[in-house]
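In what follows, a single structure is set out as C-alpha coordinates and then discussed.
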Amino acid sequence: MFKSAVRATRPAVFAARASLRPSSSAIRAFSATTRASSGGPPPPQLYGSGGKAGEVPTDVEQATGLERLQLLGELEGVSVFDESALDASRVGTKADPIRVLSYDVERIVGCTGFPADSHDVHWFLLKKDKQARCMECGSVYALDFHGDEHADHHH
(Lines give C-alpha, C1' and ligand atoms only; values in the text may rest on other atoms or scores of the structure.)
Protein backbone atom coordinates (compact mmCIF):
# COMPACT_ATOMS: atom_id res chain seq x y z
CA MET A 1 0.00 0.00 0.00
CA PHE A 2 2.84 2.38 0.82
CA LYS A 3 4.56 1.61 -2.49
CA SER A 4 1.44 2.43 -4.44
CA ALA A 5 1.09 5.76 -2.57
CA VAL A 6 4.70 6.67 -3.41
CA ARG A 7 4.17 5.71 -7.06
CA ALA A 8 1.06 7.88 -7.22
CA THR A 9 2.89 10.96 -5.89
CA ARG A 10 5.96 10.60 -8.13
CA PRO A 11 4.61 12.58 -11.10
CA ALA A 12 3.63 15.44 -8.77
CA VAL A 13 7.10 15.50 -7.19
CA PHE A 14 8.82 15.56 -10.61
CA ALA A 15 6.55 18.40 -11.75
CA ALA A 16 7.30 20.40 -8.59
CA ARG A 17 11.06 19.91 -9.04
CA ALA A 18 10.87 21.06 -12.66
CA SER A 19 9.07 24.23 -11.65
CA LEU A 20 11.74 25.04 -9.02
CA ARG A 21 14.64 24.75 -11.48
CA PRO A 22 15.85 28.04 -12.91
CA SER A 23 15.49 28.46 -16.63
CA SER A 24 18.48 27.46 -18.74
CA SER A 25 19.02 31.09 -19.76
CA ALA A 26 19.64 32.01 -16.12
CA ILE A 27 22.35 29.36 -15.76
CA ARG A 28 25.76 30.04 -17.25
CA ALA A 29 29.29 29.13 -16.44
CA PHE A 30 31.24 31.48 -14.23
CA SER A 31 33.94 31.70 -16.87
CA ALA A 32 31.39 32.99 -19.39
CA THR A 33 30.30 35.84 -17.13
CA THR A 34 31.60 39.18 -18.36
CA ARG A 35 33.80 41.10 -15.97
CA ALA A 36 32.51 44.41 -14.70
CA SER A 37 34.75 47.16 -15.99
CA SER A 38 35.57 50.24 -13.98
CA GLY A 39 36.74 52.08 -17.07
CA GLY A 40 40.33 52.18 -15.82
CA PRO A 41 43.30 50.38 -17.29
CA PRO A 42 43.34 46.60 -16.91
CA PRO A 43 45.65 45.12 -14.27
CA PRO A 44 49.10 44.10 -15.52
CA GLN A 45 49.29 40.57 -16.88
CA LEU A 46 51.49 38.75 -14.36
CA TYR A 47 51.68 35.49 -16.30
CA GLY A 48 53.97 35.27 -19.27
CA SER A 49 52.99 33.71 -22.57
CA GLY A 50 55.54 30.95 -22.06
CA GLY A 51 57.98 29.61 -24.58
CA LYS A 52 57.00 28.31 -27.98
CA ALA A 53 57.49 24.63 -28.72
CA GLY A 54 61.11 23.85 -29.54
CA GLU A 55 62.43 27.25 -28.34
CA VAL A 56 64.02 28.41 -25.12
CA PRO A 57 61.77 31.07 -23.53
CA THR A 58 63.11 34.51 -22.67
CA ASP A 59 62.93 35.88 -19.14
CA VAL A 60 59.91 38.03 -20.02
CA GLU A 61 58.07 35.07 -21.56
CA GLN A 62 58.55 32.74 -18.61
CA ALA A 63 58.55 35.13 -15.63
CA THR A 64 55.48 35.34 -13.40
CA GLY A 65 54.31 37.35 -10.41
CA LEU A 66 56.55 40.03 -8.90
CA GLU A 67 59.51 39.03 -11.05
CA ARG A 68 57.44 39.69 -14.20
CA LEU A 69 56.19 42.98 -12.78
CA GLN A 70 59.79 44.07 -12.16
CA LEU A 71 60.91 43.00 -15.66
CA LEU A 72 58.01 44.82 -17.33
CA GLY A 73 58.78 47.90 -15.24
CA GLU A 74 62.42 47.83 -16.31
CA LEU A 75 61.34 47.63 -19.97
CA GLU A 76 59.20 50.75 -19.43
CA GLY A 77 61.99 52.51 -17.53
CA VAL A 78 60.05 52.48 -14.23
CA SER A 79 61.54 51.34 -10.92
CA VAL A 80 58.79 49.17 -9.44
CA PHE A 81 60.49 48.68 -6.08
CA ASP A 82 61.94 51.40 -3.87
CA GLU A 83 65.67 50.76 -4.04
CA SER A 84 66.76 54.16 -2.77
CA ALA A 85 69.12 54.39 0.17
CA LEU A 86 67.81 55.15 3.64
CA ASP A 87 68.51 58.46 5.37
CA ALA A 88 72.19 58.30 6.37
CA SER A 89 72.56 61.96 7.28
CA ARG A 90 72.09 61.27 10.99
CA VAL A 91 71.94 58.59 13.65
CA GLY A 92 68.40 57.52 14.45
CA THR A 93 67.37 57.76 18.11
CA LYS A 94 64.45 56.29 20.03
CA ALA A 95 62.82 59.73 20.05
CA ASP A 96 63.59 60.39 16.36
CA PRO A 97 64.16 57.08 14.53
CA ILE A 98 65.01 56.74 10.85
CA ARG A 99 61.68 55.99 9.16
CA VAL A 100 61.58 53.15 6.60
CA LEU A 101 58.68 53.15 4.13
CA SER A 102 56.89 49.80 3.86
CA TYR A 103 53.62 48.43 2.51
CA ASP A 104 54.06 45.24 4.53
CA VAL A 105 54.05 44.74 8.30
CA GLU A 106 57.76 43.88 8.27
CA ARG A 107 60.81 44.69 6.17
CA ILE A 108 64.45 43.64 6.08
CA VAL A 109 66.74 46.64 6.54
CA GLY A 110 70.49 47.01 6.05
CA CYS A 111 72.46 49.58 8.03
CA THR A 112 75.86 50.83 6.89
CA GLY A 113 76.32 53.22 9.82
CA PHE A 114 76.77 56.96 10.27
CA PRO A 115 78.48 58.47 8.42
CA ALA A 116 77.48 56.23 5.51
CA ASP A 117 79.68 53.18 4.94
CA SER A 118 81.35 53.48 8.34
CA HIS A 119 80.80 49.76 9.00
CA ASP A 120 79.84 46.62 7.10
CA VAL A 121 76.16 46.16 6.26
CA HIS A 122 74.20 44.74 9.17
CA TRP A 123 70.85 43.25 8.15
CA PHE A 124 67.92 42.99 10.56
CA LEU A 125 64.16 42.55 10.52
CA LEU A 126 62.08 45.66 11.18
CA LYS A 127 58.47 45.12 12.32
CA LYS A 128 55.50 47.50 12.27
CA ASP A 129 54.97 47.92 16.01
CA LYS A 130 58.58 47.75 17.21
CA GLN A 131 61.68 49.86 16.65
CA ALA A 132 64.96 48.13 15.84
CA ARG A 133 68.53 49.17 16.63
CA CYS A 134 71.68 48.51 14.64
CA MET A 135 74.05 46.49 16.82
CA GLU A 136 77.14 48.17 15.32
CA CYS A 137 76.38 51.92 15.37
CA GLY A 138 73.26 52.07 17.58
CA SER A 139 71.07 53.83 15.01
CA VAL A 140 67.33 53.25 15.60
CA TYR A 141 64.89 52.44 12.79
CA ALA A 142 61.07 52.43 12.72
CA LEU A 143 58.68 51.18 10.07
CA ASP A 144 56.63 53.86 8.30
CA PHE A 145 53.73 51.53 7.44
CA HIS A 146 51.49 52.60 4.53
CA GLY A 147 49.86 49.26 3.73
CA ASP A 148 46.49 47.72 4.47
CA GLU A 149 46.03 47.11 8.20
CA HIS A 150 44.33 43.76 7.63
CA ALA A 151 46.47 42.48 4.74
CA ASP A 152 48.17 39.90 6.96
CA HIS A 153 44.83 38.33 7.99
CA HIS A 154 44.37 35.68 5.34
CA HIS A 155 41.14 34.23 6.70
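All values below were derived from every heavy atom in this structure, side-chain atoms included, with hydrogens, water molecules and symmetry-related copies excluded.
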Separation between SG of Cys111 and CH2 of Trp123, rounded to the nearest 0.5 Å = 10.5 Å

Distance, nearest 0.5 Å, that separates CG of Leu71 from OG1 of Thr64 = 10.5 Å

Ring pair (Phe, Tyr, Trp, His ring centres under 6.0 Å) partners of Tyr141, counting only residues at least two apart | Phe124

Closest approach of Gln70 to Val80 (non-hydrogen atoms, all atoms of both residues) = CA-CG2, 4.2 Å

Partners of Ser79 by side chain to side chain donor-acceptor pair (under 3.5 Å), sequence neighbours excluded?
-> none

Ignoring hydrogens and angles, tell me if any N or O in the side chain of Arg90 forms a donor-acceptor pair with the backbone of Pro97 under 3.5 Å.
-> yes

Minimum heavy-atom distance Glu106-Ser102, with the two atoms named | O-OG, 4.0 Å

Distance (rounded to the nearest 0.5 Å) between Leu69 CG and Leu66 CG | 6.5 Å

Which pairs would a plain distance check flag for residues 125-140, meaning a side-chain donor or acceptor within less than 3.5 Å of a matching protein atom at least two apart in sequence or in another chain?
unit_1	atom_1	unit_2	atom_2	d
Lys128	NZ	Glu149	OE1	2.9
Gln131	NE2	Lys94	O	3.3
Arg133	NH1	Gly138	O	2.8
Glu136	OE1	His122	NE2	3.4
Ser139	OG	Gly92	N	3.0

In Å and rounded to the nearest 0.5 Å, what is the CG to OG1 distance from Asp117 to Thr112?
-> 5.0 Å

Does atom CD1 of Ile108 have more than 12 heavy-atom neighbours from other groups under 6.0 Å away?
-> no

CZ-CG distance between Phe145 and Asp104, expressed to the nearest 0.5 angstrom = 7.0 Å

Could you grab the distance from atom CG of Leu143 to atom OH of Tyr103, nearest 0.5 Å is fine?
-> 11.5 Å

